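Bear in mind the structure is a predicted one, so any value in this text is a computation, not a measurement. For this chain, numbers begin at 1 and follow the sequence in order.
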Amino acid sequence: VHATWNNRIINEALNTLKNGMNGPVHINVPISEPLFSFTTRNLPAERVFMESTKYSPEQVGMQQACEILSNARLPMLVVGQMKETETVALRHRKNLFDDVLVYAEAISNFPTDFHPHVIERCLQNNPQYQPDVVIHIGGNQINKSIKQILRATPQLKVIRIETGKTTPDTFRHLTVLLRSSDAMQTLEQLLSAVAPSPDLKRLKEKLFHRQTVLPPLSSDNFSDINALATVLSCVHPHSNTAIHLANSSVVRNANHYLWN
């Protein structure tokens with residue numbers, strides 16, 4: 001894990017040198033003597049990721065991302081926490097996502113055809129169904145399962161759309177970082193580069209089948225998930241009511257009801 005985060009920090013530092021700030025970048029690393037004994041025959045191959053910013057007029061990062069997506073076998077869009085006002089423009093354009101698998105939680109406020117837990121169960125221990133490219137957008141990702149699955153997926157490439165100043169590497173496979181003031185516009189541009197995939201079509205058919213045979217939830221009258229279901233049943237979907245999901249367990253329970 002330490003090697004992964006060290007790699008990210010060094011990549012971030014090197015990319016910062018090119019972002020137009022025109023100054024040095026300092027990495028503070030605790031060290032002890034001797035620093036290096038020069039007995040290593042070959043240095044290990046390290047991941048290098050590209051950052052695209054407004055200071056990159058040639059948009060090298062976007063070109064690289066589109067090329068990766070055009071050759072993807074199983075492209076996946078993972079959506080973290082987002083406000084409904086951020087995603088409303090795409091909510092009624094589901095055809096945009098025909099060629100990607102969308103994984104979104106209740107707090108994503110994003111359209112998806114599949115229950116997040118169904119996707120997790122299908123990907124777990126099934127390498128043939130695991131994505132080779134992930135577009136990552138949005139904030140907090142609650143479910144640990146999807147993070148563990150993607151972190152353990154070999155050769156995965158992650159394209160991150162970032163509106164802030166941080167460099168999230170949630171799945172430890174960051175390949176291209178696209179900084180953008182309009183995340184939805186950048187996402188739409190990326191989706192236009194994705195080519196139809198027969199492997200993805202077969203995966204979606206399998207997910208649709210699994211979704212139709214989901215086991216019923218617990219009928220225990222005193223369970224927390226049924227308490228949440230009762231609350232949600234009292235809220236009209238078209239009302240102006242706002243529901244605050246206060247912690248991770250509530251979000252995981254809400255995923256059973258608010259995933260689409």
Side-chain angles (χ1 to χ4, degrees), residues 49 52 61-82 86-124 126-139 141 143 145-147 149-151 153-163 168-171 173-178 180 182-211 255 259-260:
F49 63 76
S52 179
M62 177 59 77
Q63 292 174 9
Q64 182 185 3
C66 289
E67 183 177 347
I68 290 171
L69 286 167
S70 67
N71 295 304
R73 183 181 67 88
L74 285 173
M76 183 176 182
L77 171 63
V78 179
V79 187
Q81 183 174 6
M82 299 192 77
E86 295 176 297
T87 63
V88 65
L90 298 182
R91 288 189 67 82
H92 302 294
R93 300 178 61 192
K94 283 194 173 185
N95 61 309
L96 280 174
F97 314 109
D98 287 346
D99 297 322
V100 295
L101 174 64
V102 178
Y103 179 95
E105 298 178 319
I107 57 175
S108 302
N109 287 297
F110 205 88
T112 177
D113 291 322
F114 302 108
H115 193 302
H117 299 316
V118 172
I119 295 177
E120 291 166 12
R121 290 171 190 150
C122 192
L123 299 187
Q124 206 154 26
N126 289 300
Q128 70 272 29
Y129 298 133
Q130 291 171 356
D132 56 340
V133 180
V134 165
I135 303 174
H136 184 211
I137 191 171
Q141 204 77 48
N143 277 358
S145 296
I146 193 66
K147 287 186 274 192
I149 291 168
L150 295 180
R151 286 172 181 172
T153 300
Q155 308 303 319
L156 178 67
K157 295 178 179 174
V158 176
I159 300 166
R160 168 68 187 180
I161 301 175
E162 176 58 39
T163 57
D169 191 14
T170 306
F171 309 119
H173 290 283
L174 184 59
T175 309
V176 181
L177 177 67
L178 301 175
S180 172
D182 190 336
M184 292 299 104
Q185 184 181 45
T186 302
L187 174 60
E188 192 169 352
Q189 187 175 350
L190 290 175
L191 292 174
S192 68
V194 181
S197 164
D199 289 335
L200 181 65
K201 183 179 179 181
R202 285 191 289 270
L203 174 57
K204 285 189 174 184
E205 289 171 352
K206 188 176 187 68
L207 289 170
F208 273 121
H209 171 70
R210 288 197 175 192
Q211 199 154 269
N255 283 339
W259 56 271
N260 62 348

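- A 4.5 Å side-chain heavy-atom check between Q81 and Q141 finds every atom pair outside the cut-off.
- Two residues are said to be in side-chain contact when any heavy atoms from C-beta on lie closer than 4.5 Å; D99 and L191 fail this criterion.
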Please walk me through it: do E120 and N143 pass side-chain hydrogen bond (donor to acceptor under 3.5 Å, both in side chains)?
CA-CA 10 Å; E120 291 166 12; N143 277 358; 2.8 Å; yes

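- Between P131 and L156, the closest heavy-atom pair is O-CD1, 3.4 Å.
- For the pair D132 (side chain) and R73 (backbone), a donor-acceptor distance under 3.5 Å is present.
- Under the 4.5 Å side-chain criterion, counting only non-hydrogen atoms from C-beta, K201 is not in contact with P196.
- Contact check for L77 versus L101: no side-chain heavy atoms found under the 4.5 Å cut-off.
- Note that CG of L187 and CZ of F97 are 6.0 Å apart. Values are rounded to the nearest 0.5 Å.
- Using modelled atom types, one side-chain atom of D182 and one backbone atom of Q185 make a donor-acceptor pair closer than 3.5 Å.
- Between the S70 side chain and the V194 main chain, no donor and acceptor come within less than 3.5 Å of each other.
- One finds the CE atom of M76 at 10.5 Å from the NE2 atom of H136 (value rounded to the nearest 0.5 Å).
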Might you work through the side chain to side chain contact (heavy atoms under 4.5 Å, CB included) test for L90 and R93, ending with a clear yes or no?
CA-CA 5 Å; L90 298 182; R93 300 178 61 192; 4.1 Å; yes

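- Using modelled atom types, one side-chain atom of Q211 and one backbone atom of H115 make a donor-acceptor pair closer than 3.5 Å.
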Is there a side chain to side chain contact (heavy atoms under 4.5 Å, CB included) between F208 and D113 once you walk through the steps?
CA-CA 8 Å; F208 273 121; D113 291 322; 4.3 Å; yes

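- With contacts defined as side-chain heavy-atom distances shorter than 4.5 Å, the pair K157/H173 does not qualify.
- Side chain of S108 to main chain of G80: a donor-acceptor pair is present (N/O by atom type, distance under 3.5 Å, no hydrogens or angles).
- With a 4.5 Å cut-off on side-chain heavy atoms, I146 and Y103 count as touching.
- In this structure, K204 contributes its side chain and F114 its backbone to no donor-acceptor pair below 3.5 Å.
- Contact check for Y129 versus D199: no side-chain heavy atoms found under the 4.5 Å cut-off.
- Minimum interatomic distance between A183 and S180 (heavy atoms only, all atoms of both residues): N-OG, 3.9 Å.
- Of the inter-residue distances, the one linking T112 atom OG1 with E105 atom CD reads 11.0 Å to the nearest 0.5 angstrom.
- With rounding to the nearest 0.5 Å, the separation of CD1 in I137 from CZ in R160 is 7.5 Å.
- In Q128, the CD atom is crowded: over 12 heavy atoms of neighbouring residues, nucleotides or ligands sit closer than 6.0 Å.
- Of the possible donor and acceptor atoms, none in the side chain of K206 sits under 3.5 Å from a partner among the backbone N and O of C122.
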Could you please spell out the steps behind the side chain to side chain contact (heavy atoms under 4.5 Å, CB included) verdict for F49 and V176?
CA-CA 5 Å; F49 63 76; V176 181; over 6 Å; no

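- Within the 4.5 Å cutoff, no side-chain heavy atoms of Q130 are placed close to those of L74.
- The nearest pair of heavy atoms linking N255 to A106 is OD1-N, 2.7 Å.
- For the atom pair CG of L190 and CG of L178, the computed distance is 6.0 Å after rounding to the nearest 0.5 Å.
- Taking every heavy atom of both residues into account, E67 and N71 meet most closely at O-ND2, 3.0 Å.
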Side chain to side chain contact (heavy atoms under 4.5 Å, CB included) assessment of V100 paired with V133:
CA-CA 10 Å; V100 295; V133 180; over 6 Å; no

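- Listed for the R151 side chain is a donor-acceptor partner under 3.5 Å among the backbone atoms of T170.
- Interatomic distance, I159 CD1 to I68 CD1, rounded to the nearest 0.5 Å: 5.0 Å.
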